[in-house]
Each structure stands twice: as structure tokens, then as C-alpha cells.
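When reading the values below, keep in mind they use all heavy atoms of this one structure, side chains included, and skip hydrogens, waters and symmetry mates. Proteins come first, then strands; the chains are lettered A, B, ... in the order of their sequence lines, and each starts at number 1.
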Amino acid sequence: MRIATFNINGVKARLPALLDWLARAEADVVCLQEIKSQDHTFPREPFEDAGWNLETHGQKGFNGVAILSRRPIEDVTRGLPGDDADEQARYIEATISGDAGGAIRVCGLYLPNGNPTPGPKYDYKLAWMERLRARAAELIAGEETALLAGDFNVIPQPEDAARPEAWTEDALALPETRAAWRRIVNQGWTDAIRAFHPGPEVYTFWDYQAGAWQKNDGIRIDHLLLSPQAADRLAGAGVDVAARGGEKPSDHTPAWVDLDL
DNA sequence: ATGGTAGAAGGTCTA
């Protein structure tokens, strides 16, 4: 079973590029971030016509996450637990079965950017990461076959940026951000991309500005974290860099894992 | 310090 994550930066603007990528990617499940649509304005038909089941958690203007799946999407929950007043659409969970009889709890997330720092947006990011840590701990304690997939807006280490010195004061790389990331990973999650690609220059985001893509001035901020039970099934992982070079691309490119489930 | 680009909107806000 191949599961991918893709921050598409607007589903309506990305419709041709996304459908083209879906037709080529051989993914069974895709977690989407930044759909920038409400649930009732999401263009469902082209995806359903292409054979995808679809669950969305959207809002007006920005944010918004969704799960596409070839197989049925079950037990869907929307929103990250821990703050009933949080109205930002950044989290969706569902259970999906594989062909081999297994199943996985897929958690699609769009972690807050947090800039500028310091300030309320960075406070919100750190609070959101603490809520994610708590939910992740439940999944670990329950010995679930689980995957946290999405745009984490975290550059885990200096080697995850082409120019690490440019990010030292940024919400994506501040020591508090990295500490919060480690508190989650160190529960027992496997960073699947790093497990298969330990070297430098593995990036998932290149800014639209200043020729970042042409200069390969990228950062690795889209991640797939596997619980121990999921990591036992891990057969491969990668980043589909080519998608960033296509027509009218997102500023992110997809990352994926192959699991024997 | 500024501006560079992009998307959802049809205001600016977000990134």
C-alpha cells in the first residue's frame, strides 16, 4: 500500500496538475493539505470520476485537509483533539484497509507555520504541537498501526535545508520547534523519508520566490512518521521531486511510503 | 529593510 502526502496549495488552482500526478503516482491513499476550500466547494467530481473515495475537512480561504483513497475510508474524525475553540481546519484521521488484510490509522495534518516569531502565531504553533504530541502518544500507547503524514512546517535538522543559516530565526527551525518535533518522534515514530534517504539535499518545499526551485534552495518540511507497528511494514519511501518542476506546480512536492499491509 | 510569488477572494490575509 502506497500512502502519499502532498501540500497542493489550493485544490482548484492545482486541479490539472494534481489529477495528472494522481494518474501517474500509483498511490492508494493521498493526504492533501492546503486545499483552501470549504467542504461544499471542494471539486469532488473529477476525483470521484477517477475512482477516488474522498473525505475533506475544509474552511474558507486557507488551510484545509483531505484524504483520498482507492479503498473505503472508515471511522473519519475531523480536527485535532485538545482545544474545542480551535476553528482552523488542519487535521483529519481515518482508517484504511490494505489488500493483504491489514489496516492503518492515517492522520493527515497541516501543522501551523508559526511566523512571525515571537507572537501569537508562534504560540499557536507550539500549542498545536503539544496537542499533536498528546494524540500521537495515545496512538503509541494503543500499539496502533498508524501514520502521521503531512506538512509539519518543521525543518528537523540543519541538513534538512539547503541554506540552514537562512532559517535559524524562523518558526520552522527555532530550537523550541525542533524540541517539540523531537518530543513527538522520540515516542517511537520512524521518520520514513530519512530511513531511506539519509543523505543531504532531500527537500519537499521550494519557495515560489527568488528562483528557489532553479537553485535547489529547498527545505524538508513534509514528513511521514510511522508508529512501530507501521514501521514493521515499511518497504520503501521517497520524495517525488519531479512534480515540483511541472506546469503550474504547488510550492511543495509529494512524499510517500510503501507499506506491506 | 525591502520585496520578491502565489492562492482564495473580490478585503487583505496567509504563507
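- Between A:Y208 and A:G114, the residue anchored closer to the 5' end of DNA chain B is A:Y208, taking for each the nucleotide with the nearest heavy atom.
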A:Y203 vs A:D160, side-chain hydrogen bond (donor to acceptor under 3.5 Å, both in side chains): CA-CA, chis, key distance, verdict: CA-CA 7 Å; A:Y203 309 132; A:D160 295 310; over 6 Å; no
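- Separation of the A:H252 and A:W206 ring centroids does not fall under the 6.0 Å cut-off.
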Chi angles and distances behind the side chain to side chain contact (heavy atoms under 4.5 Å, CB included) call for A:N53, A:L68: CA-CA 6 Å; A:N53 296 295; A:L68 303 175; over 6 Å; no
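- Between A:W21 and A:F6, the ring center distance clears the sub-6.0 Å criterion.
- Rounded to a whole Å, the NE2 atom of A:H252 is 14 Å from the P atom of B:dA6.
- Distance A:E34 CD to B:dA6 C1': 10 Å, rounded to the nearest Å.
- The distance from atom CZ of A:F152 to atom C1' of B:dA15 is 18 Å, rounded to the nearest whole Å.
- At whole-Å resolution of the value, CG in A:D207 and P in B:dT14 are 17 Å apart.
- Between the CD atom of A:Q209 and the C1' atom of B:dT14 there is a distance of 12 Å, rounded to whole Å.
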Return the polar atom pairs (N/O with N/O) between nucleotides 8-13 of chain B and the protein under 3.5 Å, or none.
from, atom 1, to, atom 2, distance (Å)
B:dA8, OP1, A:A13, N, 3.2

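- Rounded to an integer number of Å, the gap from A:W206 CH2 to B:dA6 P is 16 Å.
- Between B:dA9 and B:dA15, the distance separating the two P atoms is 16 Å to the nearest Å.
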Test log, rule ring pair (Phe, Tyr, Trp, His ring centres under 6.0 Å), inputs A:F42 and A:F47: CA-CA 10 Å; A:F42 191 101; A:F47 298 96; 5.6 Å; yes
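- Taking atom CD1 of residue A:I8 and atom P of nucleotide B:dA15, one finds them 16 Å apart after rounding to whole Å.
- A straight line from NZ of A:K215 to P of B:dG4 spans 15 Å, rounded to a whole angstrom.
- Between A:I104 and A:Q229, every side-chain heavy-atom pair lies at or beyond the 4.5 Å cut-off.
- The 12-atom threshold is exceeded at CD of A:Q214, counting heavy atoms of other residues, nucleotides or ligands nearer than 6.0 Å.
- Using a 4.0 Å heavy-atom criterion, one finds that A:Y110 contacts the sugar-phosphate atoms exclusively.
- When the P atom is compared between B:dA8 and B:dT2, the two are found 29 Å apart, to the nearest whole Å.
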